[in-house]
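Single-structure report; data block below.
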Amino acid sequence: MSAIRLYDTMRRAKVDFEPADPKRVTMYVCGPTVYGRAHIGNARPAVVFDVLQRLLRHTYGAESVVYARNITDIDDKIMAAAVAEGVDPKVITGRYEAHYLADMGALGVQPPNIAPHATDHIPQMIAMIGGLIDRGAAYAAEEHVLFDVAAPGDYGRLSRRPLDEMIAGARVEIAPYKRNPADFVLWKPSTDDQPGWESPWGRGRPGWHIECSAMIAAHLGHTIDIHGGGLDLIFPHHENELAQSSCAHDGAPLARVWMHNGFLSMGDTKMSKSLGNVVTVDALLEQGWSGEVLRLALLSAHYRQPLAWTEDLLTQSKATLDRWQGFLRRSDVAASEVPERVIAALADDLNTPAVVAAIARLSRLDDVGGMRAAMALMGLIEPITGRVDELAPATPEATAATNIDDLVAARTAARARKDFAESDRIRDDLVEQGIILEDSAGGTTWRRA
Ligand code: AMP
Ligand code: ZN
């Protein structure tokens, strides 16, 4: 079995991937804010991390991976879209979530195990914000709650931005109630006609970053194996998630490996709704490009490299796929084991261009069984569905294991109040379950023996 190596944004290096618990590999990818159709740039992380979850399931067992991708269904852009149409925000989010799942399904993206919605986790967010205030890492001011970026001591670690630079670069007018210009919003007030929830700080709604921190803790635990998203999420979104989560969890790091895909561009600039240079997935499908062609085009470049979206790329991807499918049609040889060369390429930081070359080589060798296996692992041949009620399976053991984090937190709390009898008892308990604790200056992490 090839050891998986992944590029970790935190360490700026390719590292050996070692999950805390090989029976419960946890991955969280920041999902869409649902207020419009997804463009093909938005599809890049969905497809890239879909290939990664397939590789993880192939390596650790299909039921040993817990993959969560959230739906952000409370946001100012959603509210603006609802006002523009004169409908309830739920009409907007329901419609565009359904479109998103259908579009990603057409690209062969399997539904994650868990698709948490922000609006279903408001109590968890309020609890986490309360905990941050108790720990002195957040403060309430003028109906807002703000995170104090001085609290973690190493804010800016992930994006490697010095704090003074972030303060100098803090955008637009700085709200007068901020202690530090880089402090960011955890909770903000809602007017009567805006969606809102009762909280200790008045009726309001959460900021974007706290959503992911609360949903990760609720479903996956304090330290997850892989956290992913596009390059633009490193700062501020992931930097802020990291700061909040580790302050809320006694310094436990949020993720063992941070992964970020590069940008897809069209006409020399990043494809982006605000720039207007977008082509949506459904428009491409309507033009007659198949989901498999779009997927192959997305995977033809390494995920960390920029990808220029051109007609030429689509034409070439279609020609390649037509050729491969021609081979498969001429023979009814069933899929074999996935060839080692293919696994090795994927295990090398998801080197999909090398897999494409390997499949071409298999076709030259007339190895139809190997081609079928490799194309299935890449998600290029299989029944295509995109229904959220078909969430991938995970063992009960895998989904229940969050309580280990609770025990670790209880032990940290016992140590803080110098109740060593209790902290030793919890540690012994965990050892009996095969859990090894690792204490460091940054906090405590655990792994299975
Ligand atoms: P958004 O709905 O804008 O938050 O984006 C959803 C995901 O798509 C995030 O992980 C973004 O980083 C990613 N993304 C947005 N635009 C691009 C692009 N042009 N190329 C690659 N990824 C993108
Ligand atoms: Zn997020």
Side-chain angles (χ1 to χ4, degrees), residues 9 27-50 52 67-78 81 92-93 96-97 99-101 103-104 107 109 112 114-118 121 125 128 158-159 184 186 206-220 224 226-245 254-255 258-281 294 297-299 301-310 313:
T9 306
M27 174 159 90
Y28 184 96
V29 173
C30 297
T33 304
V34 278
Y35 68 102
R37 295 298 294 236
H39 60 68
I40 192 73
N42 298 136
R44 194 177 192 193
V47 168
V48 162
F49 290 102
D50 179 64
L52 180 55
Y67 173 28
R69 187 189 63 205
N70 70 294
I71 299 285
T72 294
D73 59 353
I74 172 79
D75 178 271
D76 288 0
K77 285 180 262 173
I78 296 172
I92 302 289
T93 56
Y96 288 110
E97 177 178 351
H99 282 317
Y100 182 79
L101 295 175
D103 291 346
M104 296 311 122
L107 299 182
V109 174
I114 309 170
H117 290 66
H121 296 79
M125 295 177 210
M128 188 176 258
L158 179 67
S159 56
F184 57 88
L186 299 172
W208 174 34
H209 317 302
I210 195 73
E211 294 175 10
C212 289
S213 285
M215 293 191 281
I216 291 170
H219 293 281
L220 299 181
I224 58 175
I226 298 172
H227 194 340
L231 214 54
D232 51 342
L233 298 188
I234 299 176
F235 185 85
H237 186 53
H238 285 170
E239 192 75 64
N240 292 352
E241 282 184 21
L242 169 65
Q244 297 160 165
S245 291
L254 177 54
W258 292 84
M259 292 177 69
H260 296 96
N261 65 270
F263 292 137
L264 181 150
S265 64
M266 196 162 71
D268 292 338
T269 38
K270 175 195 169 194
M271 186 174 285
S272 146
K273 203 168 173 174
S274 58
L275 296 174
N277 60 334
V278 298
V279 53
T280 59
V281 174
L294 302 177
L298 288 170
L299 296 174
H302 187 258
Y303 77 92
R304 284 195 286 122
Q305 297 302 318
L307 173 63
W309 193 258
T310 60
L313 172 70

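In listed order, ligands and their atoms are each counted from 1. For the single chain, residues carry numbers from 1 onward in sequence order.
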If I take every N, O or S atom of C212, is at least one of them less than 2.8 Å from the Zn ion (ligand 2)?
yes

Under 2.8 Å from the Zn ion (ligand 2) - does any N, O or S atom of C30 fall there?
yes

State whether the shortest distance between N or O atoms of [X] and N or O atoms of ligand 1 falls below 3.5 angstrom.
| X | answer |
| --- | --- |
| D232 | yes |
| L231 | no |
| L264 | yes |
| G41 | yes |
| G230 | yes |

Can you list the ligand 1 atoms lying under 4.0 Å from a non-hydrogen atom of H39?
16 (N)

Element-labelled atoms of ligand 1 that are located less than 4.0 Å from some non-hydrogen atom of T33
2 (O)

Could you tell me if the ring centre of H238 sits under 6.0 Å from that of H260?
yes

Check for me whether the distance between the ring centres of H121 and H219 falls short of 6.0 Å.
yes

Closest protein heavy atom (residue, atom, distance) for [atom]:
| atom | answer |
| --- | --- |
| atom 9 (C) of ligand 1 | L233 CD1, 4.0 Å |
| atom 19 (N) of ligand 1 | M271 O, 2.8 Å |
| atom 3 (O) of ligand 1 | N42 ND2, 4.0 Å |

Would G262 count as a contact of ligand 1 if the rule is a heavy atom under 4.0 Å away?
yes

Can you tell me if P45 has a non-hydrogen atom under 4.0 Å from ligand 1?
yes

Test item: [X] and [Y] side chains (from C-beta on) under 4.5 Å apart, heavy atoms:
| X | Y | result |
| --- | --- | --- |
| V29 | N70 | no |
| Y100 | P32 | yes |
| D232 | K270 | yes |
| H209 | Q244 | yes |

Heavy-atom distances under 4.0 Å decide this one: backbone, side chain, both or neither, for K273 against ligand 1?
neither

Which is it for N261 and ligand 1 at heavy atoms under 4.0 Å: side chain, backbone, both or neither?
side chain

May I ask you to decide if [Y]'s main-chain N or O and [X]'s side chain share a donor-acceptor pair within less than 3.5 Å?
| X | Y | answer |
| --- | --- | --- |
| T310 | L313 | yes |
| R69 | Y28 | no |
| T9 | W258 | yes |

If you apply the rule side-chain hydrogen bond (donor to acceptor under 3.5 Å, both in side chains), what do you find for E241 with S213, and how did you get there?
CA-CA 6 Å; E241 282 184 21; S213 285; 5.1 Å; no

Can you name the N/O/S atom of E241 that is nearest the Zn ion (ligand 2)?
OE2

Stepwise, does the side-chain hydrogen bond (donor to acceptor under 3.5 Å, both in side chains) test hold for N277 with T269?
CA-CA 8 Å; N277 60 334; T269 38; 3.2 Å; yes

